[in-house]
Amino acid sequence: MARASQDSQDIMSLSQEEMISWMLERGLPGYRGTQLFEALWRRRVQDYHEISSWPKQLRESMASSLPLPRLEAATVHRGRDGTIKVLARLHDGQHIETVVLPHDYGYSVCVSTQVGCNMGCAFCASGLLKRTRNLTAGEILDQVRLANDLIPDENGAISRVDLMGIGEPLDNYDNVVQFIKVAHHPLGFHLGYRHFTVSTSGLVPAIYRLAQEEIPITLAVSLHAPTDELRRQLMPIDKAYPIDPLIEACKHYFEKTGRRVSFEYALLAGVNDSDENARQLTDLLSGYSCHVNLIPWNPVPEHPFQPSSKKRVEAFQRIVQEHGVSCTIRKEMGQDIEAACGQLRRREEELLSP
Ligand code: SF4
């Protein structure tokens with residue numbers, strides 16, 4: 001699929017080099033492109049009028065011919081633990097979710113990559129609304145800008161990005177890779193590649209492609225079950241890409257990038273959380289340098305599942321660790337502000353629908 005930045009109107013998705021070319025093609029000096037790139041992401045201007053290094057005439061002609069489609073925060077929910085969950089409005093009136101999380105080391109942001117999702121995972125709130133379109137690289141970048149703007153600490157800045165919000169990032173491959181490269185750029189957000197985590201439901205060909213990009217980001221693979229029989233009930237993608245070829249692709253990713261793959265496993269009571277499931281999981285992963293991230297599941301009213309008890313989650317972790325596989329339990333955050341990803345957006349769409 002063509003990257004949206006090839007559309008000359010989509011100026012926020014352009015790399016620095018592409019912005020220079022964009023200016024030159026219009027008879028303007030190339031350095032105006034670098035100035036725009038830096039102003040958009042490093043200085044986070046809201047519109048062209050704030051680019052003081054530009055002549056007034058250029059600012060006005062850009063503002064009238066190509067307004068910046070900055071995201072707007074439709075609602076901002078601040079949790080007691082410092083989590084900030086934003087429902088952001090896109091220029092076409094659709095909504096996505098972006099979440100800012102405070103940590104000991106600073107702040108991370110969880111960004112969306114699509115409007116809705118077609119993967120149909122049985123436990124997910126985001127997938128209840130089907131994908132209507134991909135986000136452009138500029139729209140993903142602008143979530144990081146918005147997140148930085150919302151951090152209460154004046155000296156704070158986003159230092160990690162998780163592509164784990166609404167959507168399957170590798171189903172929007174070109175825009176996601178462009179996003180990462182621009183956010184990594186010294187005049188962009190200047191984030192090290194190791195500070196990005198891309199989550200995927202397991203699109204095997206895209207994992208091989210990503211391994212060739214020479215961007216050593218962390219890959220987080222949603223596994224959620226140790227057998228194809230069970231995984232197919234939870235994740236339809238397993239029919240197209242079963243577990244064995246998926247694990248092979250992850251091993252290849254590790255060999256090419258040196259980045260240990262993280263396997264995400266949401267624990268659902270009585271579904272995938274038994275001792276046997278834990279042992280099956282270790283049979284699959286032991287002897288291979290990877291990590292298991294156990295996720296206490298956040299209930300979604302439309303889905304029939306229940307979260308596993310804390311005791312069960314800890315017992316599951318113990319078995320995995322005893323078999324030599326690195327395993328942690330994800331810390332629950334933002335419990336008081338519609339924690340499950342996709343819930344805010346769905347509520348908003350329901351309110352808006354006739
Ligand atoms: S878990 Fe991820 S891939 Fe699966 S439906 Fe939800 S957003 Fe899509």
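Index from 1, following the sequence. Only a predicted model underlies this, so the values are computations on that prediction, with no experimental measurement involved. Whatever order the structure lists ligands and atoms in, that order sets their numbers, starting from 1.
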Take the angle between the ring planes of Tyr265 and Phe316 and call it parallel below 30°, perpendicular above 60°, tilted in between.
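Tilted: the ring planes of Tyr265 and Phe316 meet at 30° to 60°.
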Which of parallel (below 30°), tilted (30 to 60°) and perpendicular (above 60°) describes Trp54 and Tyr48?
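Parallel, since the angle between the ring planes stays under 30°.
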Checking Arg70 against Trp41: charged group under 6.0 Å from the ring centre and within 45 degrees of the axis?
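Yes, Arg70 lies over the aromatic ring of Trp41.
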Which pairs with one or both residues in residues 276-301 pass salt bridge (Lys or Arg N to Asp or Glu O under 4.0 Å), sequence neighbours excluded?
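For residues 276-301: none.
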For a distance under 2.8 Å, give residue and atom name for each protein N, O or S atom next to atom 6 (Fe) of ligand 1.
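N, O, S partners closer than 2.8 Å: Cys124 SG.
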Return the set of residues passing ring pair (Phe, Tyr, Trp, His ring centres under 6.0 Å) with His184 (not counting sequence neighbours), or none when no residue passes.
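Result, ring pair (Phe, Tyr, Trp, His ring centres under 6.0 Å) vs His184: Tyr193.
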Tyr107: which residues meet the ring pair (Phe, Tyr, Trp, His ring centres under 6.0 Å) condition with it, sequence neighbours left out?
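In terms of ring pair (Phe, Tyr, Trp, His ring centres under 6.0 Å), with neighbours along the sequence ignored, Tyr107 is linked to no residue.
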